[in-house]
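To start, the structure under review is shown below, and the notes come after it.
Remember, predicted model here, so these are calculated numbers, not experimental data.
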Amino acid sequence: MSTEAIPCYDQSRQEHARRKKVIAGGVNSNVRLHGTPVPLTMVRGDAALLWDVDDNVYIDYAAGMGPMVLGHNHPAVTAAVKQSLSTGQLFAGQHPLEAEFAETLVGALPWIESIRMGMSGTEMDLLAVRIARATTGRRKVVRFTGHYHGWLDPLFVDMAVTAPPMGPVPLTAGQSASAAADVILCEWNDIAQVAQALKSGDVACVLMEPVMCNTGLIPPSAGYLDDVKTLCHQHGALFVVDEVITGFRLGLCGAQGFYGIRGDISIYAKAIASGFPLAVLGTSAELLAGVGRGEINHSGTYNTGVSSVAAGVATLRVLIDSNPYPEMDRLTCRLVDGLRQLGHELGVGLAVDHIGGSLCQTRFGTPGAVASRADFAANSDNELLACFLASLQDHGVRPTSRGLWFVSAAHDDALIDKTLAAARHALSRL
């Protein structure tokens with residue numbers, strides 16, 4: 001796509017109007033409601049590129065909101081799924097790929113002895129809380145403002161609100177206030193609040209993203225993860241690490257490998273199966289024993305569908321055997337450095353947050369680290385970001401709608417060059 005041409009979105013407009021007649025809002029996830037000029041209709045993805053229904057081509061940094069760590073239609077994943085389809089999809093029983101996947105994952109992540117599989121990170125987070133309650137005999141969950149652990153009542157909070165620390169949990173329409181009563185909401189990177197919350201004596205677990213990825217890209221402060229884990233063990237609570245985004249993005253061992261910390265329970269999804277529905281709870285054999293005996297319920301008709309597990313096995317094997325991480329890290333650093341240089345050169349106040357790995361965050365505000373949801377809100381011009389992202393889209397570059405970028409194993413230097421050229425044009429229009 002030329003950096004001067006404004007693309008046509010007529011077919012996407014028509015498709016969106018068609019969907020809205022029979023699908024609420026024309027989308028099936030509220031995250032997709034506010035596309036420009038309408039939520040786009042995609043028809044094909046290959047490697048690091050996407051095509052929409054108007055035949056516009058995009059360099060894809062949304063990556064399906066993170067899962068496409070290998071890019072679209074990776075040949076090893078596609079071949080594994082095609083092979084699996086010849087054997088069936090769902091048996092109401094087990095199949096050999098389950099053991100192969102579990103053995104591969106447990107072999108790659110030394111802090112995991114046993115797993116259970118489901119379809120989404122939401123489910124696995126809820127299972128982690130259930131295990132924690134059964135293990136400790138307690139009921140409350142400590143979590144953090146700006147973190148996300150799924151959209152269901154027991155763990156969801158209104159992401160658009162910077163809640164008062166230790167105050168009432170902000171709810172959206174129709175949520176259960178009684179379910180929210182079991183949640184204690186702390187500010188990210190404030191260890192004193194975690195200590196205060198745990199003193200209540202009724203906390204089953206502390207649940208966190210080890211890096212805040214659902215609101216900006218905000219790392220833990222020095223020693224914070226270790227301090228939280230120490231407090232959990234002092235007060236008899238479990239430490240649950242939600243690596244739905246950071247798993248397989250900050251290296252094969254995710255944030256726990258990156259920071260040298262070990263959760264009592266770990267959650268993985270997104271990049272674990274290249275976009276096929278698969279999520280994992282991993283922990284010790286002891287903590288999962290109650291699930292294995294049927295005392296703690298974990299069920300699901302669609303758990304371990306054959307094609308999803310086949311995709312998971314293939315994805316793990318590619319990540320382990322080919323080790324694309326050094327190259328993805330290099331390309332991400334090139335992208336980050338280039339965007340920062342453009343922001344400085346053009347004087348537009350572009351901040352690019354990057355802690356390592358294959359993801360980064362663009363925002364308009366004061367450069368440098370932010371430590372919390374409140375800091376991020378105070379240092380982010382959302383209107384300017386929306387204009388920047390819309391212009392990038394017009395010039396064939398597509399990050400996520402909140403300014404988070406994912407680099408895949410399918411990106412290369414030529415695509416980074418094209419991206420930076422598009423970014424120069426987009427920034428010059430602000």
Side-chain angles (χ1 to χ4, degrees), residues 3 48 58-63 66 69 146 188-189 211-222 245-246 249-251 255 258-259 324-430:
T3 57
Y58 306 94
I59 304 173
D60 181 26
Y61 295 97
V69 67
W188 180 234
N189 279 326
V211 176
M212 188 193 295
C213 296
N214 278 285
T215 304
L217 185 62
I218 306 176
S221 57
I245 292 180
T246 54
R249 281 291 173 184
L250 293 178
F258 190 83
Y259 288 107
Y325 291 106
E327 180 65 3
M328 285 196 295
D329 291 353
R330 184 188 70 81
L331 291 170
T332 306
C333 287
R334 267 207 69 205
L335 175 66
V336 169
D337 291 345
L339 289 171
R340 286 174 176 168
Q341 183 176 340
L342 286 172
H344 177 74
E345 177 185 331
L346 298 172
V348 293
L350 176 67
V352 187
D353 300 320
H354 177 234
I355 62 171
S358 59
L359 69 172
C360 64
Q361 171 75 41
T362 48
R363 58 184 172 86
F364 290 86
T366 305
V370 291
S372 67
R373 167 72 171 82
D375 286 348
F376 184 81
N379 285 282
S380 301
D381 186 326
N382 291 330
E383 290 186 6
L384 205 55
L385 178 65
C387 292
F388 175 55
L389 296 178
S391 185
L392 278 177
Q393 177 183 288
D394 286 344
H395 294 90
V397 175
R398 187 174 183 257
T400 72
S401 59
R402 63 176 183 265
L404 189 62
W405 301 56
F406 295 99
V407 174
S408 77
H411 286 86
D412 58 23
D413 283 300
L415 292 179
I416 299 297
D417 290 340
K418 291 180 181 179
T419 299
L420 293 175
R424 174 181 289 278
H425 189 90
L427 289 168
S428 69
R429 295 182 59 189
L430 297 179

At their closest point, which heavy atom of Phe376 faces which heavy atom of Thr215, and how far apart are they?
CD2-CG2, 3.8 Å
Leu250 to Gly357 - nearest heavy-atom pair and separation
CD2-CA, 3.9 Å
Among residues two or more places apart or on two chains, list those pairs meeting salt bridge (Lys or Arg N to Asp or Glu O under 4.0 Å) that have a residue in residues 337-346.
Glu345-Arg424
Taking the side chain as every heavy atom from C-beta outward, state whether Asn189 and Pro220 have any atom pair closer than 4.5 Å.
yes
Taking only residues two or more places apart in sequence or in another chain, which ones pass ring pair (Phe, Tyr, Trp, His ring centres under 6.0 Å) with Phe364?
Phe388
For Ala62 against Phe406, the heavy-atom pair lying closest together:
O-CD1, 3.5 Å
Taking C-beta and beyond as the side chain, do Ile245 and Asn214 meet within less than 4.5 Å on heavy atoms?
yes
Under a 4.5 Å cut-off applied to non-hydrogen side-chain atoms, are Leu335 and Tyr61 in contact?
yes
Are the side chains of His411 and Ile59 in contact, using a 4.5 Å heavy-atom criterion?
yes
Would you name the heavy atoms of Pro399 and Leu392 that are closest together and state the gap between them?
CG-CD1, 4.0 Å
Polar side-chain atom of Gln361 near backbone of Cys213 as donor-acceptor pair, under 3.5 Å:
no
Counting distance only, does the side-chain N/O of Thr332 pair as donor-acceptor with the main-chain N or O of Met328 below 3.5 Å?
yes
dist Leu350:CG -> Leu342:CG (nearest 0.5 Å) comes out at 8.0 Å
Nearest 0.5 Å, what's the SG-NE2 distance between Cys333 and His354?
4.5 Å
Could you tell me whether a side-chain N or O of Asp417 sits under 3.5 Å from a main-chain N or O of Asp412, the two making a donor and an acceptor?
no
Apply side-chain contact (heavy atoms from CB on, under 4.5 Å) to the pair Leu384 and Val348, showing each step before the final yes or no.
CA-CA 10 Å; Leu384 205 55; Val348 293; 5.9 Å; no
Using the rule given for side-chain contact (heavy atoms from CB on, under 4.5 Å), can you reason through Leu385 versus Ser380, listing the C-alpha separation, both sets of side-chain angles and the distance that settles it, and then say yes or no?
CA-CA 8 Å; Leu385 178 65; Ser380 301; over 6 Å; no
Rounded to the nearest 0.5 Å, how far apart are CG of Leu217 and CZ of Arg363?
10.0 Å
N/O donor-acceptor pair under 3.5 Å between Arg249 side chain and Gly66 backbone
yes
Locate the shortest heavy-atom distance separating Ser428 from Leu346; write the atom from each residue and the value.
N-CD1, 4.0 Å
State the CD1-CZ distance between Ile218 and Arg373, to the nearest 0.5 angstrom.
9.0 Å
Any Lys/Arg nitrogen of Asp413 or Arg330 sitting under 4.0 Å from an Asp/Glu carboxylate oxygen of the other?
yes
Taking every non-hydrogen atom, the tightest pair across Leu339 and Ala423:
CD2-CB, 3.6 Å
Candidates Thr362, Thr419, Thr400 - the one meeting side chain to side chain donor-acceptor pair (under 3.5 Å) with Trp405:
Thr362
Measuring from Leu404:CG to Leu359:CG, what's the distance to the nearest 0.5 Å?
5.5 Å
Using 0.5 Å steps for rounding, measure from the OG atom of Ser408 to the CG atom of Leu331.
9.0 Å
Donor-acceptor pair between Asn379 and Thr366 side chains, under 3.5 angstrom:
yes
Verdict with reasoning, Asp375 to Trp188, per side-chain contact (heavy atoms from CB on, under 4.5 Å)
CA-CA 10 Å; Asp375 286 348; Trp188 180 234; over 6 Å; no
